[in-house]
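So that the names make sense, note that chain A is the first sequence line, chain B the second, and so on, each numbered from 1. It should be emphasised that the depicted structure is a prediction, and the values quoted were computed from it without experimental measurement.
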There are 2 protein chains.
Amino acid sequence: MTASQVSLALIQQHTLFQDVPIEALRQILENGQVIRLSEGDTVFRQGDTASRFYVLLQGNLKIAQTTPSGEQVTVRHVNPGEIFGIARAMQRTTFPATSIVMRESLILSWPNNYWDTLLKLNPRFAQSTFETVGQRLQDAHSRIRELSTDEVEQRVAKALLRMVKDSGVNTTDGIEIGYPVTRQDIAELTGTTLHTVSRLLSNWKTKGLVISGRRRITITSIDGLQALINDPDQPNT
Amino acid sequence: MTASQVSLALIQQHTLFQDVPIEALRQILENGQVIRLSEGDTVFRQGDTASRFYVLLQGNLKIAQTTPSGEQVTVRHVNPGEIFGIARAMQRTTFPATSIVMRESLILSWPNNYWDTLLKLNPRFAQSTFETVGQRLQDAHSRIRELSTDEVEQRVAKALLRMVKDSGVNTTDGIEIGYPVTRQDIAELTGTTLHTVSRLLSNWKTKGLVISGRRRITITSIDGLQALINDPDQPNT
DNA sequence: CGTCCCGTTGATCCCTATCAAATGTAGTGG
DNA sequence: CCACTACATTTGATAGGGATCAACGGGACG
């Protein structure tokens with residue numbers, strides 16, 4: 001099986017490319033480029049000239065911004081089937097953030113000038129992309145609201161719930177986040193420090209809500225975490 | 001001059017409708033509806049069924065989300081010429097936020113089913129809207145970064161600078177924000193409390209950076225505020 | 001088996017929310 | 001025109017959530 005054939009099987013699974021005739025799909029793939037990247041690699045960096053646009057076929061990425069002082073903030077996660085790095089379609093010449101591979105990923109990309117052709121071959125693409133960006137805008141607004149009004153404990157709980165929702169895998173103990181996560185990662189995602197995240201996880205472990213080891217987190221009680229969000233000042237058992 | 005003629009003059013000024021033939025513009029206006037709203041009015045409320053989409057012709061709005069506990073968070077401001085309330089174009093059935101009039105405003109709107117017609121009459125509309133949403137997404141990401149890493153003082157300074165940039169009017173003292181702003185408004189915009197904002201403004205007043213009265217803020221030293229952002233731990237003079 | 005990460009936990013400090021109360025300002029109706 | 005009222009602002013006092021500083025423990029990998 002060639003790389004192209006593997007990609008064909010993968011791309012068909014994603015709603016973004018459903019209803020596209022197999023011949024058009026083949027053509028779309030031939031004009032694109034598939035790369036496999038490992039954990040820690042970057043697809044593009046903040047400030048790079050935006051010459052291509054991307055779809056994540058498999059794996060997980062995070063999109064992060066680096067502040068002038070060097071701190072990193074995770075702006076969002078990218079899940080399989082999602083389009084990303086579409087700066088050019090928004091008339092930007094450079095990428096506003098860096099995309100970092102969280103676990104081995106398969107990435108499909110095209111040069112910017114293929115955008116119009118792609119729209120013709122896949123008419124749903126335009127509307128779908130628009131909806132995706134709209135959805136992201138709403139997610140971003142939700143996070144602004146959370147950062148403005150929630151306490152750290154609730155923000156971290158919400159972040160964990162989102163991660164298991166997007167990429168959870170069932171285990172005998174509960175649902176495990178499907179990629180490596182450090183305390184630092186969660187801190188960058190929730191606007192806090194790795195120390196505070198560590199304390200929270202320790203606390204939750206004693207309450208039986210999570211099991212966590214080095215770069216691994218398993219939620220044993222979704223409801224327990226949910227309760228922390230609903231009743232912020234629950235008495236500590 | 002009829003309401004329609006007033007609107008025609010206004011709509012032509014905005015880049016969103018430039019290059020649209022006058023006849024098409026007339027037709028677009030006839031199918032739309034113009035309303036004038038006063039300070040404190042709402043155009044639509046969070047949770048309302050999204051049956052129309054809007055363009056702000058004149059005035060200023062804020063888009064706010066109410067948290068389950070009743071606090072309000074300002075998600076963004078809307079300036080003249082901007083499209084807003086396009087939930088339906090993103091396949092949402094309800095509005096995710098409330099739009100509140102900050103000063104008397106003129107608002108143009110169409111029923112959702114006019115969207116496709118509008119696209120035909122104004123081909124640039126689709127791309128323009130896409131870019132607008134993309135820009136907003138980036139603005140939202142910037143705010144996430146700020147809320148995650150900046151101290152309150154820097155966030156408030158940035159908020160003031162944005163407001164004067166968007167809607168500043170020159171006065172003999174400096175640049176005044178062109179609509180009424182309370183300490184509470186700024187607090188909702190920056191994720192802090194009105195007390196902290198009041199203390200900051202008092203402090204800045206003694207430093208000669210701002211002049212502020214009841215619901216009025218004038219920046220006397222843009223550079224001074226900018227310095228607070230660049231050098232977070234400037235010695236207090 | 002040593003080294004590099006990652007995680008844990010204690011101690012301390014400080015920014016900012018919260019609580020509280022007084023003062024100031026625009027608008028309104030008699 | 002003034003008193004009344006509603007709302008905005010200011011400022012003090014206090015408390016507390018988390019950041020910061022510091023040190024140690026532990027598992028993975030070369």
Expressed in angstrom and rounded to an integer, what is the separation of [X] atom [atom1] from [N] atom [atom2]?
X        : N      : atom1 : atom2 : answer
B:Lys205 : D:dT11 : NZ    : P     : 8 Å
A:Arg216 : C:dT8  : CZ    : C1'   : 17 Å
B:Ile186 : C:dA17 : CD1   : C1'   : 18 Å
A:Glu71  : D:dT20 : CD    : C1'   : 12 Å
B:Glu151 : D:dA19 : CD    : P     : 11 Å
A:Glu39  : D:dA28 : CD    : P     : 15 Å
A:Leu201 : C:dT8  : CG    : C1'   : 11 Å
A:Leu200 : C:dG7  : CG    : C1'   : 14 Å

Between [X] and [N], does any side-chain N or O lie under 4.0 Å from OP1 or OP2?
X        : N      : value
A:Ser198 : C:dG7  : no
A:Ser212 : C:dG7  : no
B:Thr192 : C:dA17 : yes
A:Ser202 : C:dG7  : no
A:Thr196 : D:dG18 : no

Original post:
Using 30° and 60° as the class limits, which term best fits the ring planes of A:Phe95 and A:Tyr54: parallel, tilted or perpendicular?
Top reply: tilted
**OP:** Check the pair B:Arg183 / B:Ser212 against side-chain hydrogen bond (donor to acceptor under 3.5 Å, both in side chains), numbers first and verdict last.
**Re:** CA-CA 10 Å; B:Arg183 310 293 183 261; B:Ser212 74; 3.0 Å; yes
Subject >> Side-chain heavy atoms of A:Glu39 within contact of A:Glu104, under 4.5 Å >> reply: no
Original post:
Where the side chain of B:Leu194 is concerned, which of D:dG18, D:dA19, D:dT9 is the nearest nucleotide?
Top reply: D:dT9
Original post:
Where the side chain of B:Arg183 is defined as all heavy atoms beyond and including C-beta, which of C:dC6, D:dT10, D:dG18 is the nearest nucleotide?
Top reply: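 Minimum distance to the B:Arg183 side chain belongs to D:dT10.
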Original post:
Reckon B:Arg214 touches a base, only the sugar-phosphate, or nothing at all at heavy-atom distances under 4.0 Å?
Top reply: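 The residue B:Arg214 makes base contact.
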Original post:
At under 4.0 Å between heavy atoms, what does A:Arg199 touch on the DNA or RNA strands: base, sugar-phosphate, or nothing?
Top reply: base
Original post:
Looking at D:dT20, does its base get a donor-acceptor pair with the side chain of A:His195 below 3.5 Å?
Top reply: no
Original post:
For the residue pair B:Phe53 and B:Phe84, is the inter-centroid distance of their aromatic rings smaller than 6.0 Å?
Top reply: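 Centroid separation for B:Phe53 and B:Phe84: 6.0 Å or greater.
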Original post:
Mapping B:Arg215 and A:Arg155 to their closest nucleotides on DNA chain D, which lands nearer the 5' end?
Top reply: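 Here B:Arg215 is the residue nearer the 5' end.
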Original post:
Knowing that exactly one of B:Arg143, B:Lys158, B:Arg155, B:Arg145 qualifies, which makes a side-chain hydrogen bond (donor to acceptor under 3.5 Å, both in side chains) with B:Asp150?
Top reply: B:Lys158
